[in-house]
Amino acid sequence: MSLRGVERRLEHLVEGTFARVFKSGLRPIEIGRKLMRELDDHRELDVRGRTVVPNAFWVRLAEDDFERFADIDDSLVRELCDAAREHAREERYSFMGPVTVELVPDGKLRTGDFRIDSRLREGPGGVGAGSLLLPNNDRYILGERAVVFGRLPDCDITLTDTNVSRRHAEIRPHGDGFVLVDLGSTNGCRVNGQRVSQRVLNDGDEIAMGNTRMIFQAS
């Protein structure tokens with residue numbers, strides 16, 4: 001999805017029920033654009049030659065604006081995280097850990113004013129950034145613990161697909177990335193159409209288990 005698409009989603013957050021509240025004053029799109037500039041302004045090269053950018057953000061809002069955003073807090077944070085991921089992908093930036101955004105009230109700011117603080121932050125246990133876009137478009141953030149996929153209800157991600165085994169596969173942290181490991185499933189796993197028993201995942205890889213497909217993103 002292009003950044004224009006992310007901007008449109010940020011604008012849609014204030015339509016309908018919230019149109020009256022956001023008729024004037026600070027709008028989500030302003031925060032989104034500032035967030036993207038924050039990545040550009042704080043990029044640096046790591047020892048491997050990658051351009052790394054902040055992945056942890058604190059959006060400091062005037063108390064009145066913080067209250068106005070309360071009803072769309074979860075959606076706004078989700079869209080701002082996606083905006084950071086999309087901008088990083090287009091600019092070929094890398095993250096050191098999962099992208100997080102937190103809205104924070106600041107009594108020193110006037111209504112309409114805001115600022116963004118950011119930092120580079122590794123994931124727990126030194127794990128890098130990684131997430132899965134699931135078939136229902138939900139995003140599952142990967143971390144320091146292996147994630148098990150299968151039909152059993154006690155799997156981390158339960159797949160209601162008869163072509164998926166009870167415990168089909170797992171994704172484990174691997175260095176500063178992640179690796180897909182087949183757990184002896186009947187129908188196997190495929191990455192970008194190729195059957196694999198184990199595979200280090202790269203940004204944009206399509207993972208198939210049975211008839212279920214998901215996308216790995218290094219963000």
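Owing to the predicted nature of the structure, the values given are computational and were not obtained by experimental measurement. Count residues from 1 along the sequence.
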Give the C-alpha distance, both sets of side-chain angles, the deciding distance and a yes or no for side chain to side chain contact (heavy atoms under 4.5 Å, CB included) between Tyr140 and Asp138.
CA-CA 7 Å; Tyr140 189 95; Asp138 283 349; over 6 Å; no
Any heavy-atom pair between the side chains of Leu132 and Val147 that's under 4.5 Å?
no
Please check if the number of heavy atoms outside Arg139 that lie under 6.0 Å from its CZ is greater than 12.
yes
Determine which pairs satisfy salt bridge (charged side-chain N to carboxylate O under 4.0 Å, His left out) with at least one residue from residues 201-219, sequence neighbours left out, and list them in order.
Arg89-Asp203, Glu206-Arg213
Find the distance between CD (Gln217) and CG (Leu201) and round it off to the nearest 0.5 Å.
12.0 Å
Taking every non-hydrogen atom, the tightest pair across Pro98 and Gly128:
CD-O, 4.3 Å
Applying side chain to side chain donor-acceptor pair (under 3.5 Å), name anything that partners Glu67, two or more places apart in sequence or on another chain.
none
Out of curiosity, does Leu35 fall in the hydrophobic cluster containing Val53 (side-chain heavy atoms, cut-off under 4.5 Å, transitive links)?
yes
Stepwise, does the side chain to side chain contact (heavy atoms under 4.5 Å, CB included) test hold for Met209 with Leu180?
CA-CA 11 Å; Met209 301 178 194; Leu180 171 70; 3.9 Å; yes
Co-membership, hydrophobic cluster, residues Ile141 and Phe178, 4.5 Å side-chain
no
Shared ILVMFWY cluster between Val181 and Val148, side chains joined below 4.5 angstrom?
no
Heavy-atom donor-acceptor pair, Ser131 side chain to Ser219 backbone, under 3.5 Å
yes
Gap separating the CG atom of Asp176 from the CZ atom of Phe95, nearest 0.5 angstrom
14.5 Å
Under 3.5 Å, side chain of His168 to main-chain N/O of Ser165, donor-acceptor pair present?
yes
When rounded to the nearest 0.5 angstrom, what distance separates OG1 in Thr212 from CG in Leu159?
5.0 Å
Restricting to non-hydrogen atoms, name the atom on Arg199 and the atom on Gln194 that form the minimum distance, rounded to 0.1 Å.
NH1-OE1, 4.2 Å
Test side chain to side chain contact (heavy atoms under 4.5 Å, CB included) on Val59 and Leu76 and set out the steps.
CA-CA 11 Å; Val59 180; Leu76 177 58; over 6 Å; no
What's the verdict on side chain to side chain contact (heavy atoms under 4.5 Å, CB included) for Phe57 and Ile31, showing C-alpha distance, side-chain angles and the deciding distance?
CA-CA 11 Å; Phe57 304 92; Ile31 301 174; over 6 Å; no
Between Val164 and Gly150, the two heavy atoms sitting closest are CG1-CA, 3.9 Å
Taking Asp64 for its side chain and Thr111 for its backbone only, find out whether a donor-acceptor pair lies under 3.5 Å.
no
If you measure from the Lys or Arg side-chain nitrogens to the Asp or Glu carboxylate oxygens, is any gap between Arg50 and Asp46 under 4.0 Å?
yes
Step by step, work out the salt bridge (Lys or Arg N to Asp or Glu O under 4.0 Å) result for Asp40 and Arg37.
CA-CA 5 Å; Asp40 295 334; Arg37 290 197 298 272; over 6 Å; no
Could you note down all residue pairs passing salt bridge (charged side-chain N to carboxylate O under 4.0 Å, His left out) where residues 117-126 supplies at least one of them, sequence neighbours left out?
Arg60-Asp117, Arg115-Asp117
Surrounding CG of Asn137 (heavy atoms of other residues, nucleotides or ligands, distance under 6.0 Å), is the total greater than 12?
no
In terms of heavy-atom contacts, Cys81 and Val101 come closest through SG-CG2, 3.8 Å
Heavy atoms, side chains only, cut-off 4.5 Å: are Phe149 and Ile171 in contact?
yes
Under the side chain to side chain donor-acceptor pair (under 3.5 Å) rule, collect the residues that match up with Thr158, sequence neighbours excluded.
none
Side chain to side chain donor-acceptor pair (under 3.5 Å) partners of Arg166, counting only residues at least two apart
none
I need the full list of side-chain hydrogen bond (donor to acceptor under 3.5 Å, both in side chains) pairs touching residues 143-153, with sequence neighbours left out, sorted by first then second residue.
Arg145-Asp156
hydrophobic_cluster_shared for Val99 and Ile215, side chain cutoff 4.5 Å:
no
Nearest 0.5 Å, please: how far is CG in Asp74 from CD in Glu79?
11.5 Å
Co-membership, hydrophobic cluster, residues Trp58 and Leu109, 4.5 Å side-chain
no
Has the side chain of Asp182 got a donor or acceptor atom that lies under 3.5 Å from a matching backbone atom of Ala169?
no
Phe216 versus Ile207, closest heavy-atom pair with distance:
CB-CD1, 4.2 Å
Rounding to 0.5 Å, atoms CZ (Arg172) and CG (Leu142) come to a distance of 13.5 Å
Contact between Asp65 and Phe114 at the side-chain level, heavy atoms closer than 4.5 Å - yes or no?
no
Where is the tightest heavy-atom contact between Arg27 and Phe69, given as atom of each residue plus distance?
C-CZ, 4.4 Å
Approximate separation, where rounding is to 0.5 Å, of Arg92 CZ and Thr51 OG1:
11.0 Å
